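Below: the structure, in structure tokens.
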Amino acid sequence: MTSAALFSGLQSPDIRPGSVHEIAGDQSIVSFAALLLGRTRGAPVCWVGTSVDLYPPGLAGLALDPGRLVLAEAEREDDRLALLETALAGGLHAAGQVARVYRLAVRRIALAARRGQALGLVLNMGKASDSNAFATRWRIGAEPSGPDGTRRWRAELLHARGTPPGTFGLELNHDGTTHAFDLAGGGSARQQPLRRAG
């Protein structure tokens with residue numbers, strides 16, 4: 001399985017299979033995670049939560065085929081982390097919703113993702129962690145839709161090895177490409193679409 005960069009052409013690090021990333025923020029992190037997972041290929045996608053309630057047509061609009069999804073529910077935090085670790089070690093791309101992030105758990109999940117060559121996303125609805133065991137840490141928020149109704153997010157990079165922190169906007173175009181835009185002016189900042197990860 002090849003692993004092309006998801007954020008090609010942007011001043012941001014690669015998000016590749018074989019790594020785990022934290023996405024903190026409001027409810028919009030769910031759609032952002034679906035966008036990232038929709039750009040993976042091949043393996044099924046495991047979504048872990050206390051009560052998984054995803055809208056299939058909405059996922060399809062984010063390029064995530066609902067037919068690829070494996071849903072796993074668990075009330076206890078430790079059980080959700082264990083499910084995430086098992087999925088990644090088995091080669092499934094996975095996203096897991098957590099309330100608190102433990103450094104040891106992140107290390108275990110990161111090792112599992114490396115073994116399975118899978119992309120792992122830890123979705124944190126609370127305050128972003130300070131764990132550098134994540135390949136990257138992000139804070140994501142919804143932005144007002146573009147003039148033609150395109151979906152937009154505010155993406156703040158909090159941590160990445162070799163890449164300085166920064167904030168930019170991401171816009172999902174109707175043709176499925178994703179571009180950065182200038183948060184201050186609302187215009188297109190760069191014209192490099194995100195490439196698919198394999």
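Remember, predicted model here, so these are calculated numbers, not experimental data.
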Answer whether the closest heavy-atom distance between the side chains of Ser19 and Phe134 falls below 4.5 Å.
no
Contact between Val98 and Leu81 at the side-chain level, heavy atoms closer than 4.5 Å - yes or no?
yes
Donor-acceptor contact below 3.5 Å, side chain Arg161 vs main chain Asn132:
yes
Minimum heavy-atom separation for Gly61 to Leu172, with atom names?
O-CD2, 3.7 Å
Does Ala112 offer a backbone N or O that forms a donor-acceptor pair with the side chain of Glu85 under 3.5 Å?
no
Drop me the distance from Trp47's CH2 to Leu83's CG, to the nearest 0.5 angstrom.
15.0 Å
For Gly91 against Ala118, the heavy-atom pair lying closest together:
C-CB, 4.0 Å
Can you check whether Pro17 reaches His93 side chain to side chain, under 4.5 Å on heavy atoms?
yes
Working to the nearest 0.5 angstrom, can you tell me the gap between Leu62 CG and Leu35 CG?
6.0 Å
Determine whether Trp138 and Asn124 make a side-chain contact, defined as any pair of heavy atoms from C-beta on separated by less than 4.5 Å.
no
Atom CD1 in Ile109, atom CG in Leu111: separation rounded to 0.5 Å?
10.5 Å
If you apply the rule side-chain contact (heavy atoms from CB on, under 4.5 Å), what do you find for Arg151 with Ser31, and how did you get there?
CA-CA 10 Å; Arg151 189 175 298 193; Ser31 61; 3.5 Å; yes
Could you check if a side-chain atom of Arg68 sits within less than 4.5 angstrom of a side-chain atom of Leu37, using non-hydrogen atoms only?
no
Salt bridge check, Arg139 against Glu156: does any charged N sit closer than 4.0 Å to a carboxylate O?
yes
Can you confirm whether Leu36 sits close enough to Phe32 that some side-chain heavy atom of one is under 4.5 Å from a side-chain heavy atom of the other?
yes
Rounded to the nearest 0.5 Å, what separates atom NE2 in His159 from atom CG in Leu157?
8.5 Å
State yes or no: do Leu59 and Tyr55 share one hydrophobic cluster built from I, L, V, M, F, W and Y residues joined by side-chain heavy-atom distances below 4.5 Å, directly or via other members?
no
Of all heavy-atom pairs between Asp26 and Ala142, which one has the smallest distance, and what is that distance?
OD2-N, 4.0 Å
Is Glu22 reaching over with its side chain to a backbone N or O of Leu121, donor-acceptor style, under 3.5 angstrom?
no
Does any part of the side chain of Arg154, heavy atoms only, come nearer than 4.5 Å to the side chain of Ile140, both counted from C-beta?
no
Considering the options Arg80, Glu77, Gln97, which one meets the side chain to side chain contact (heavy atoms under 4.5 Å, CB included) requirement together with Thr50?
Arg80
Which value, rounded to the nearest 0.5 Å, describes the distance between Arg39 atom CZ and Leu64 atom CG?
10.5 Å
Using every non-hydrogen atom in the two residues, find where Cys46 and Val48 come nearest and quote the distance to one decimal.
SG-CG2, 3.8 Å
On a heavy-atom basis, which atom in Val20 and which in Ala110 lie closest, and how many Å separate them?
CG2-CA, 3.8 Å
Return the minimal non-hydrogen interatomic distance between Leu88 and Gly120, and the atom names on each side.
CD2-CA, 3.7 Å
CZ (Arg137) and OG (Ser131) are apart, to the nearest 0.5 Å, by 7.0 Å
Would Val45 end up clustered with Leu54 when hydrophobic side chains under 4.5 Å apart are linked, directly or stepwise?
yes
